[in-house]
Amino acid sequence: MGSDDFFENFCKEVLEKDHFIRFAAISNHLGHILATAYRDSLVPLMTPEETARYAVQAAIRAATRETFETKIGELKFSISRYGNLVRATIPVKSSGKNKVLLLLSFDVDAEADSIINKKILPYVTENKDYFL
């Protein structure tokens, strides 16, 4: 199975971890989206072009957070709560410039922190070797 197939399947599996998850994507360190999956019958709030721009911005933000890792520890994930949804960025692989990010969006009433800690991070850890 090629990495694109793996990434597509990974995103679909992430969606199945919780009904509050709207969207899952894998992007590289430049914010180029490698795979996406949307919850069935979901009407996205953004166009594909806007989603691509969001991925670039998320990659930039993730890179800037590395500045203080030596003092405060490695970033596990970041969450942003908006009026219409919740977004999360999870570094999946971080060796050199070959970073991979998992981008998620949740329904606005989701307990995203709990979902990520209890369902998503264990799944990422189970599949870490595929990202190497």
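Below, each value reflects all heavy atoms present in this structure, side chains not excepted, and no hydrogens, waters or symmetry copies. For clarity, every value in this text was computed on a predicted model and none was experimentally measured.
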Engineer: May I ask you to say whether Lys128 pairs ionically with Glu126, meaning some side-chain N is under 4.0 Å from a carboxylate O?
Structural biologist: no

Engineer: Taking all heavy atoms of Lys76 and all of Pro91, pick out the closest pair and write down the distance.
Structural biologist: O-CD, 3.5 Å

Engineer: Given the rule that I, L, V, M, F, W and Y join up when any side-chain heavy atoms are under 4.5 Å apart, are Val100 and Leu30 in one cluster?
Structural biologist: no

Engineer: Side chains of Tyr123 and Val14: closer than 4.5 Å at any heavy-atom pair?
Structural biologist: yes

Engineer: Is any side-chain heavy atom of Ile26 less than 4.5 Å from a side-chain heavy atom of Leu101?
Structural biologist: no

Engineer: With the side chain counted from C-beta on, respond yes when Ile120 and Ile21 share a heavy-atom pair under 4.5 Å apart, and no when they do not.
Structural biologist: yes

Engineer: With the 4.5 Å side-chain cut-off for hydrophobic clustering, are Leu75 and Leu104 part of the same group?
Structural biologist: no

Engineer: Would a single hydrophobic cluster contain both Phe20 and Leu103, if residues Ile, Leu, Val, Met, Phe, Trp and Tyr are joined by side-chain heavy-atom contacts under 4.5 Å?
Structural biologist: no

Engineer: Under the 3.5 angstrom rule, does the side chain of Ser114 hit a backbone N or O of Glu111 as a donor-acceptor pair?
Structural biologist: no

Engineer: Side-chain donor-acceptor pair under 3.5 Å between Asn117 and Asp113, yes or no?
Structural biologist: yes

Engineer: Should Val56 and Tyr54 count as side-chain neighbours, where that means a heavy-atom distance under 4.5 Å?
Structural biologist: no

Engineer: Can you name the closest pair of heavy atoms from Leu85 and Arg22 and give their distance?
Structural biologist: CD2-NE, 4.1 Å

Engineer: Report all side-chain donor-acceptor pairs from residues 33-45 shorter than 3.5 Å, counting only partners two or more places apart or in another chain.
Structural biologist:
{"residue": "Arg39", "atom": "NH1", "partner": "His19", "partner atom": "O", "Å": "2.8"}
{"residue": "Arg39", "atom": "NH1", "partner": "Asp107", "partner atom": "OD1", "Å": "3.4"}
{"residue": "Arg39", "atom": "NH1", "partner": "Asp107", "partner atom": "OD2", "Å": "3.0"}
{"residue": "Arg39", "atom": "NH2", "partner": "Asp107", "partner atom": "OD1", "Å": "3.0"}

Engineer: Would you check if Thr89 and Leu102 make a side-chain contact, meaning some heavy-atom pair closer than 4.5 Å?
Structural biologist: no

Engineer: Is the shortest heavy-atom distance from the side chain of Ile115 to the side chain of Lys17 under 4.5 Å?
Structural biologist: no

Engineer: Find out whether Val86 and Asp109 are in side-chain contact, i.e. whether some heavy atom of one side chain is under 4.5 Å from a heavy atom of the other.
Structural biologist: no

Engineer: Is the backbone N or O of Thr47 less than 3.5 Å from a side-chain atom of Glu50, with the two atoms forming a donor-acceptor pair by type?
Structural biologist: yes

Engineer: Would you please indicate if the ring centroids of Phe23 and Phe106 are separated by under 6.0 Å?
Structural biologist: no

Engineer: Can you tell me how far apart CE (Met46) and CZ (Arg53) are? Round to the nearest 0.5 Å.
Structural biologist: 8.5 Å

Engineer: Please check this pair: side chain of Asn28 against backbone of Gly31, looking for a donor-acceptor N/O pair closer than 3.5 Å.
Structural biologist: yes

Engineer: Within a reach of under 6.0 Å around CG of Asn84, are more than 12 heavy atoms found that belong to other residues, nucleotides or ligands?
Structural biologist: no

Engineer: Give a yes or no answer on whether the side chain of Glu74 reaches the backbone of Glu69 with a donor-acceptor pair at less than 3.5 Å.
Structural biologist: no

